[in-house]
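We're numbering straight along the sequence, starting at 1.
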Amino acid sequence: MAWFADHPGELGINWLGYRADSSMAVLAFAMILVFFLGMAVQRLLVFLARDLPFSKEKRARRRAEKGYGLLNQAMVALGSGDGKSARALSDKAVRLLPEQPLTHIMAAEAAKLSDDGDRVRQHYQALLDDDLAAFLGLRGLVLQERADGHSGKARELARRAVALRPKSHWALRTLVDFAVQAADWDEALETLDKASRAGVYDKAQSTQHRAALLYCQAVDANLANDQPHALELAQKAAGLRPGLPPAVALAARLHRQANQKKQAEKHLLAGWAAQPHPLLLKEWQAHFPTETAFARLQRIERLIASQPDHLESRLALATAAMGAERPDRAMAALEPVLESGDPRIALLRASLAVRAEDEDNGHLWREKAQHGVHRPCWRCANCGFTRDRWLPLCPSCAAFDRFGWHVVRGDGMALPSASASASAIRIWDGSSGAGRAVDRIGDQRDDKPDDGPKRVD
């Protein structure tokens with residue numbers, strides 16, 4: 001300011017016939033004044049457009065604040081299980097925030113508490129128009145259709161989910177499950193390959209599941225009287241997974257029917273080494289149905305040589321020894337497993353007591369057999385459901401390839417748990433064609449238990 005006062009200068013402006021004379025100090029002051037007036041006008045305009053109650057931006061911001069507040073309240077209501085309040089609050093939030101994916105997800109979850117499937121679908125369907133939330137919408141629709149027993153619709157939606165996110169672990173696993181439910185082994189194998197490349201399954205899991213699907217294909221080919229193709233598939237399954245007794249037994253049986261006994265025995269020996277099972281014993285004995293009892297005992301000893309201390313091995317040896325009139329060998333085989341709680345062991349011990357004319361001891365062991373606390377069966381590693389036949393999908397939780405051969409505690413077959421989905425129950429009670437198609441895998445003659453309490457295959 002002092003410098004401008006010492007150097008005032010002169011300034012003249014001619015414009016439209018008007019002339020103005022001034023100094024540089026006045027011009028500088030005028031420019032500063034105009035600048036601050038411009039800032040004031042700009043702030044005034046912003047206030048009018050944004051901060052006044054009637055402005056569009058102010059209304060949108062207030063709607064968003066109110067919507068997020070309702071969303072938080074709906075989340076609390078959902079967490080406390082208050083479905084009615086959660087639904088009312090989430091519906092209001094949807095009206096205030098129609099383009100926010102979280103509001104539709106919250107509203108869908110609230111509708112689930114009220115068992116309103118149509119509203120669940122409506123909210124998940126609204127997510128399909130959002131590129132970022134479309135996958136969430138597809139997942140919600142798949143789960144809802146699956147819960148309602150609409151496997152066909154759910155399968156198509158799962159395909160869309162895989163197309164949208166080809167490396168999604170959930171989508172690939174779900175599509176494999178649906179393909180197995182529909183007995184579409186080709187699609188199941190194709191999807192399994194994609195899932196393995198995406199890292200959904202490690203190498204061991206991929207090999208295990210591939211063997212299970214190849215076995216299912218072999219069963220279908222055998223039912224269609226295409227024995228050469230069935231043999232090829234069963235061989236692959238048994239080679240990939242010798243610990244799957246139904247596949248090994250089927251491969252051995254088809255080899256036997258083709259007069260290829262050496263190959264059949266090779267599969268059975270490898271299978272027994274991996275997983276002793278009554279199915280393998282049954283097929284082993286079928287190779288020489290007319291052999292003498294002594295010869296059978298020798299062949300049983302050869303079979304169990306890889307797993308001599310396994311309960312199934314001792315049971316097989318004791319049975320063969322009794323047939324060969326060698327009660328001493330039978331008793332020696334049973335002695336270490338007498339307290340196993342397996343009713344089959346107790347029945348054999350009762351037979352030995354009867355042969356020794358010890359009726360009291362025989363009666364005692366027969367009572368133990370009737371009240372056996374353990375039994376061998378196929379048990380789902382996912383939910384604990386048990387049954388006497390291997391199946392690719394669990395009837396209770398619909399998990400794929402989770403059955404393993406175990407000795408479990410308790411009498412009788414376990415029923416599906418209360419948490420089992422309605423679709424899984426409908427699929428497996430034989431009311432759907434897909435369920436019957438898959439269930440036939442377990443209906444093979446070589447995977448059925450013999451009548452009576454002595455064996456569970």
J.: Tell me whether Arg241 contacts the main-chain N or O of Gln208 through its side chain, where contact means a donor paired with an acceptor under 3.5 Å.
T.: yes
J.: For the residue pair Tyr201 and His209, does the interplanar ring angle fall in the parallel (under 30°), tilted (30 to 60°) or perpendicular (over 60°) class?
T.: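 If you compare the ring of Tyr201 with that of His209, the planes turn out perpendicular.
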J.: Any Lys/Arg nitrogen of Arg121 or Asp148 sitting under 4.0 Å from an Asp/Glu carboxylate oxygen of the other?
T.: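 Here Arg121 pairs with Asp148 in a salt bridge, since their nearest N and O are under 4.0 Å apart.
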J.: Can you establish whether the number of heavy atoms outside Arg299 located under 6.0 Å from its atom CZ is more than 12?
T.: yes
J.: Any salt bridge linking Arg329 with Glu301? Criterion: basic side-chain nitrogen under 4.0 Å from a carboxylate oxygen.
T.: yes
J.: Does NZ or CZ of Arg139 come closer than 6.0 Å to the centre of the six-membered ring of Tyr124, within 45° of the ring's axis?
T.: no
J.: Restricting to non-hydrogen atoms, name the atom on Trp378 and the atom on Pro245 that form the minimum distance, rounded to 0.1 Å.
T.: CH2-CD, 3.8 Å
J.: So, do Arg155 and Thr174 sit near enough that their side-chain heavy atoms are less than 4.5 Å apart?
T.: no
J.: Just checking Phe294: does its CZ atom have more than 12 heavy atoms from other residues, nucleotides or ligands closer to it than 6.0 angstrom?
T.: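 Open: at most 12 neighbouring heavy atoms sit under 6.0 Å from CZ of Phe294.
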J.: Within the side chain of Ser168, is there an N or O that forms a donor-acceptor pair under 3.5 Å with the backbone of Arg165?
T.: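 Between the backbone of Arg165 and the side chain of Ser168 there is no qualifying donor-acceptor contact (under 3.5 Å).
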J.: Quick one, Cys383 and Arg402 - any side-chain contact, counting heavy atoms below 4.5 Å?
T.: no
J.: Can you find a heavy atom in the side chain of Ile300 that is under 4.5 Å from one in the side chain of Gln285?
T.: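 A side-chain contact under 4.5 Å exists here.
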J.: Verify the neighbour count for atom NE2 of His169: are there more than 12 heavy atoms of other residues, nucleotides or ligands below 6.0 Å?
T.: yes
J.: Is the shortest side-chain heavy-atom distance between Leu213 and Pro392 below 4.5 Å?
T.: no
J.: With a 4.5 Å heavy-atom cut-off, do Leu250 and Pro246 have their side chains touching?
T.: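 With C-beta onward as the side chain, the pair stays apart.
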J.: If the condition is salt bridge (charged side-chain N to carboxylate O under 4.0 Å, His left out), which residues does Arg256 pass it with, not counting sequence neighbours?
T.: Glu283
J.: Distance under 6.0 Å and angle within 45° of the ring axis: does Lys261 meet both against Phe288?
T.: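 Pair Lys261/Phe288 counts as cation-pi.
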J.: Does the pair Arg326/Asp328 count as a salt bridge with the N-to-O cut at 4.0 Å?
T.: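 Asp328 and Arg326: salt-bridged.
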J.: Under a 3.5 Å threshold, yes or no: a donor from one side chain and an acceptor from the other, between His363 and Glu367?
T.: yes
J.: Using a strict 4.0 Å threshold on nitrogen-to-oxygen distance, state whether Arg159 and Glu156 make a salt bridge.
T.: yes
J.: To the nearest 0.5 Å, how far apart are CZ in Arg302 and CG in Leu297?
T.: 14.5 Å
J.: Salt bridge or not for Arg349 and Glu335, using N-O below 4.0 Å?
T.: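 A salt bridge is absent here (no side-chain N lies under 4.0 Å from a carboxylate O).
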J.: When you measure from the centre of the six-membered ring of Trp405, is the NZ or CZ of Arg379 under 6.0 Å away and within 45° of the axis?
T.: no
J.: Are Trp272 and His267 an aromatic pair by the rule of ring centers under 6.0 Å?
T.: no
J.: Got a salt bridge between Glu265 and Lys262, using NZ or NE/NH1/NH2 to carboxylate O under 4.0 Å?
T.: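 Salt bridge absent between Glu265 and Lys262.
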J.: Using the rule given for salt bridge (Lys or Arg N to Asp or Glu O under 4.0 Å), can you reason through Lys194 versus Glu187, listing the C-alpha separation, both sets of side-chain angles and the distance that settles it, and then say yes or no?
T.: CA-CA 11 Å; Lys194 294 179 181 178; Glu187 184 180 18; over 6 Å; no
